[in-house]
Number of protein chains: 2
Amino acid sequence: MQPANKMAVLKSFIDAKGLKSTSQRDFIAETFFKTNTHISLDELLSKVRKKTPNIGYATVYRTMKLLSECGLAIARQFGDGQTRYENLPEDGHHDHIICIKCAKIAEFQNPKIEQLQIEAAKKLGFTVVNHKLELYGYCPDCA
Amino acid sequence: MQPANKMAVLKSFIDAKGLKSTSQRDFIAETFFKTNTHISLDELLSKVRKKTPNIGYATVYRTMKLLSECGLAIARQFGDGQTRYENLPEDGHHDHIICIKCAKIAEFQNPKIEQLQIEAAKKLGFTVVNHKLELYGYCPDCA
DNA sequence: ATGAAAATGAAAGTTAATATCATTTAAGGA
DNA sequence: TCCTTAAATGATATTAACTTTCATTTTCAT
């Protein structure tokens, strides 16, 4: 999904819930929608403060909570003690492979794996609505 | 792997590192090796304290850190703010499927998925040494 | 314009993880 | 067996990230 469309989705969500629009929140969301990394609150805060130095941590926190609630961000824990927020990719779902030496994160897509997941779940009587797949290993530089 | 074998692995690891054996650590490890849930430090502490009331949180913490280091425990974050430790199953690796309504966790194994993971990583130049796969959906009771 | 409700930013509170430190204990060597 | 020394323990303090509170400001429907 394009950043502009995400803003539209956010707007509808805000309207539907009877919330109010603010310039701070809009700017935080816009900034987040432009990232393609797994960003932490602190990182997003400093990005945002480059243009708007007086924005508070709590506002970024609350904005990301809101984006998570309406599905525009995904909160993830990769194992360091921080929550990182993933921006929905423009081209659909992807999984992660994380270097256990340098912490580099690469992404990949594999429809066949997803198909097998659905089948494995079906055998247990489950219906899959979402998943997380993380591979841990060595990147080309650290191998 | 059987609990007894795990104790043996731990013993060798301790010897190899020049550490010392203690009754507290042994008892914590034994207790952990008997669980088949994803246990938090607090939960493990209270289990341990039923028989040995004067064991400290820090000792449980340090023991689980040690077990994680030597591969006998796997630290996981399912999204609540707590680290949970997974005991290696006796019959090899498994993945999880979690009900998003009742939080029930089922486990499954699928070698084909694992094979595809290795191939996907290879394409990016990565070597896989471990992975986490979690499916989220509805269990038979909640569907 | 006005007033109710929501948002903001600063600061305080919470929670889980980690480090510190005085004391105890394990284990190899005299 | 008795030292010696290094590691382990348990209590406590510290840290780091997250979450809440509260006084003030802003939005928006009327």
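Every chain is numbered from 1, with letters handed out A, B, ... down the list of sequences. For the numbers below, each heavy atom of this structure counts, side chains included, while hydrogens, waters and symmetry mates do not.
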J.: As a quick check of understanding, evaluate side-chain contact (heavy atoms from CB on, under 4.5 Å) for B:Thr52 and B:Ile55, giving each step before the final call.
T.: CA-CA 6 Å; B:Thr52 328; B:Ile55 279 188; 3.9 Å; yes
J.: The test is side-chain contact (heavy atoms from CB on, under 4.5 Å); show your working for B:Tyr136 and A:Val128 and say whether it passes.
T.: CA-CA 6 Å; B:Tyr136 295 87; A:Val128 179; over 6 Å; no
J.: Which part of the nucleic acid, if any, lies within reach of A:Ser40 when heavy atoms closer than 4.0 Å are counted: base, sugar-phosphate only, or nothing?
T.: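 It contacts nothing in the nucleic acid.
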J.: Measure the distance from CD1 on A:Ile14 to P on C:dA7 and round it to the nearest whole Å.
T.: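 From A:Ile14 CD1 to C:dA7 P: 8 Å.
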J.: Atom CG of A:Asp15 and atom C1' of C:dA6: how far apart are they, to the nearest Å?
T.: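 From A:Asp15 CG to C:dA6 C1': 14 Å.
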J.: Could you state the CE-P distance from A:Met64 to C:dA7, rounded to the nearest angstrom?
T.: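 Checked: the CE to P distance equals 16 Å.
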J.: Report each atom pair, protein N/O against N/O of nucleotides 16-20 of chain C, whose distance is under 3.5 angstrom.
T.:
{"from": "C:dA16", "atom 1": "OP1", "to": "B:Gln82", "atom 2": "NE2", "distance (Å)": "3.4"}
{"from": "C:dA17", "atom 1": "OP1", "to": "B:Thr83", "atom 2": "N", "distance (Å)": "3.0"}
{"from": "C:dA17", "atom 1": "OP1", "to": "B:Thr83", "atom 2": "OG1", "distance (Å)": "3.0"}
{"from": "C:dA17", "atom 1": "OP2", "to": "B:Tyr57", "atom 2": "OH", "distance (Å)": "3.3"}
{"from": "C:dT18", "atom 1": "OP2", "to": "B:Tyr61", "atom 2": "OH", "distance (Å)": "3.0"}
{"from": "C:dT18", "atom 1": "O5'", "to": "B:Tyr61", "atom 2": "OH", "distance (Å)": "2.9"}
{"from": "C:dT20", "atom 1": "O4", "to": "B:Arg62", "atom 2": "NH1", "distance (Å)": "3.4"}

J.: Looking only at side chains, do A:Gln117 and A:His131 share a donor and an acceptor under 3.5 Å apart?
T.: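 On atom types as modelled, these side chains qualify, holding a pair under 3.5 Å.
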J.: Considering only heavy atoms of chain B and a distance under 4.0 Å, specify the first and last nucleotide of DNA chain D in 5' to 3' order that meet this criterion.
T.: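 The protein-touched segment is D:dA6 to D:dA11.
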J.: Looking at A:Lys11 and A:Asp26, does any basic side-chain N land under 4.0 Å from a carboxylate oxygen?
T.: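 Looking at A:Asp26 together with A:Lys11, the answer is no, because their closest N to O distance does not fall below 4.0 Å.
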J.: Could you state the atom-to-atom distance from NZ of B:Lys20 to P of C:dG28 in whole Å?
T.: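 In whole Å, C:dG28 P and B:Lys20 NZ are 9 Å from each other.
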J.: Could you tell me the separation between the CG atom of A:Asp26 and the P atom of C:dA7, rounded to a whole number of Å?
T.: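 The distance from CG of A:Asp26 to P of C:dA7 comes to 12 Å, rounded to the nearest Å.
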J.: If you measure only the distance, is there a donor-acceptor pair under 3.5 Å linking the side chains of B:Lys6 and B:Asn87?
T.: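 Distance-only check passes for B:Lys6 and B:Asn87.
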J.: Identify, between B:Thr22 and A:Ser21, the residue whose nearest nucleotide on DNA chain C lies closer to the 5' end.
T.: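 Nearest-nucleotide comparison on DNA chain C picks A:Ser21.
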J.: Would A:Lys132 and A:Asp95 pass as an ion pair if we require N to O under 4.0 Å?
T.: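 Salt bridge: no.
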J.: Does one side chain, of A:His93 or A:Glu107, offer a donor that lies under 3.5 Å from an acceptor on the other?
T.: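 A:His93 vs A:Glu107: no donor-acceptor pair found between side chains.
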J.: With sequence neighbours excluded, what pairs up with A:Phe78 under the ring pair (Phe, Tyr, Trp, His ring centres under 6.0 Å) test?
T.: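 Ring pair (Phe, Tyr, Trp, His ring centres under 6.0 Å) list for A:Phe78, sorted by chain: A:His38, A:His96.
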